[in-house]
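Read the structure below first, then the notes.
Bear in mind the structure is a predicted one, so any value in this text is a computation, not a measurement. Each residue takes its place number in the sequence, starting with 1. First listed ligand is number 1; within each ligand, the first listed atom is number 1.
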Amino acid sequence: MVSPFRLELPAGSLLFAEGDPPTSAFLIERGEVEISTGEGDSRRVLGVLGPGSLLGEMAVIDDSPRTASARALADCVLTPIDRMQFGERLQNADPVVRALLLSQVARYRSALAQFGGTAAAMGAQVNPLAGNASPAAALDKIRLENELREALDRHQLEVRLQPILDLAIGRIHGFEALTRWTHPERGPVSPADFIALAEETSLILPVGEYVLGEVCLALRRFVDRGDDDPPFIALNVSGRQLADAGFHTRVLERLAALHLDPALLKIEITESLVLDYERVADFIRRCHAAGMRVALDDFGTGYSNLGHVYRLAFDTIKLDQGFVRQLDDPRCLAVVRAVASMAADLGCDLVAEGVEKEEQLVQLGNLGYRFAQGYLIGKPLSVNEALRIR
Ligand code: C2E
Ligand code: CA
Ligand code: CA
């Protein structure tokens, strides 16, 4: 079967040969693979690997030609692991760990060259291929990452829209785009999990582009109905997207391609990213110059640096749902009230997140929160459902 995510290798076929350039590593899901060096009389079998084993990772780690050949002994199913999946994690790893790993690979290679003729004997002592079944959690992550790439290719991620209510006029003011992945076997995978996974490598960039594309299409459908004031859609943006120099331009290009007013897109930046002050400040400036608004998401969840909040010209502050859940605690209420007064003085819109109960909505309204989002107002909806309620 030809798929970049799953490889079926019939018994007897060669996966790679000694001297080949490194393309990807492989995780054996089913079958057995024999690793050997040399040819003819000097051919030596270094080992036989079974399900759960990783192979071909060394050439990928140090970007060197294959030092051995791999052939399927039985019909095999393999998960290819892209070089990037290792490369980026290696780049991001602790420099000491990286140096240790590269030095070990170098040492193994020089041993292999030196003992080339007696590779089989050496294999018995220092062959890192032997018994290298890798930690299950790490491999599961790699597998999930491949499956996410596949889902992206097959358009299996769904962008849902959660309504945001304008309490002052009792109308849906806009929506937040929230991405869903229903895995064919694992069932629904939470964005908290798969977005975090995607953020570990630059996989978040194609995921982000996909979500952006879907959001633009949804906006186009709202605009096409001919309302005077179509709703905005808020897009969650990750740290890597912000760090990507071309991101801002691509957003504007996508909007322009569908003849959409940039004011219809709002960007949400989670509070922890604000630590990267210069980058966020520059991003907000560029958004404002293009007519796009920017929200500070999950406000109050950890890194609240008021020095940044007053210097960064956010248009909206989104109070984290943790506060809304604790409104009956007088000390929490004091903070929620203070945030309302701060937002009013800064001239920011204020959205309360995670509103689940009528009394919370009333209380927040009385405290000056004009916008609310949460299951009480509506769960994340399909685009068709969102078009029906607004
Ligand atoms: P978030 O941006 O804070 O999104 C709000 C989360 O709260 C969503 O979870 C939403 O479904 C949930 N929620 C909304 N109302 C209520 C409520 O009344 N009660 C409770 N208990 N929860 C409520 P979800 O969809 O699981 O998303 C989790 C996080 O994943 C989001 O948090 C956001 O940070 C991230 N995320 C989701 N989609 C994307 C995306 O397309 N790109 C990026 N970069 N991040 C995304
Ligand atoms: Ca958000
Ligand atoms: Ca939030």
Sort and list the pairs that fulfil side-chain hydrogen bond (donor to acceptor under 3.5 Å, both in side chains) and have at least one residue in residues 343-358, not counting sequence neighbours.
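Sorted pair list comes back empty.
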side-chain hydrogen bond (donor to acceptor under 3.5 Å, both in side chains) contacts touching residues 372-390 (sequence neighbours left out)
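Of all non-adjacent pairs touching residues 372-390, those that pass side-chain hydrogen bond (donor to acceptor under 3.5 Å, both in side chains) are R160-E385, Q162-Q373, E176-Q373, R221-N384, K318-Q373, S382-E385.
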Around the Ca ion (ligand 3), number of protein N/O/S atoms which are nearer than 3.0 Å
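Number of qualifying protein atoms: 4.
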Output yes when E150 and R6 qualify as a salt bridge under the 4.0 Å nitrogen-oxygen rule, no when they do not.
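No, E150 and R6 are not salt-bridged.
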Charged N to carboxylate O under 4.0 angstrom, E145 versus K141?
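Looking at E145 and K141, the cut-off is not met.
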List, by chain and number, the other hydrophobic cluster members for F371, where Ile, Leu, Val, Met, Phe, Trp and Tyr join if side-chain heavy atoms come within less than 4.5 Å, directly or indirectly.
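In the cluster with F371 are I164, F232, V351.
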Quick check on R107: does its CZ atom have over 12 non-hydrogen neighbours (other residues, nucleotides or ligands) under 6.0 Å away?
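No.
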Quick one: does K379 get within less than 4.0 Å of ligand 1, heavy atoms only?
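False for this residue.
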Is R180 near ligand 1, meaning one of its heavy atoms is under 4.0 Å from it?
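Judged by the 4.0 Å heavy-atom criterion, R180 does count as contacting ligand 1.
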Given [options], which has its nearest heavy atom closest to [atom]?
atom: atom 22 (N) of ligand 1; options: Y375, Y210, F194; result: Y375
atom: atom 2 (O) of ligand 1; options: Q162, R160, E199, E176; result: E176
atom: atom 34 (O) of ligand 1; options: N236, I204, V207, V159; result: N236

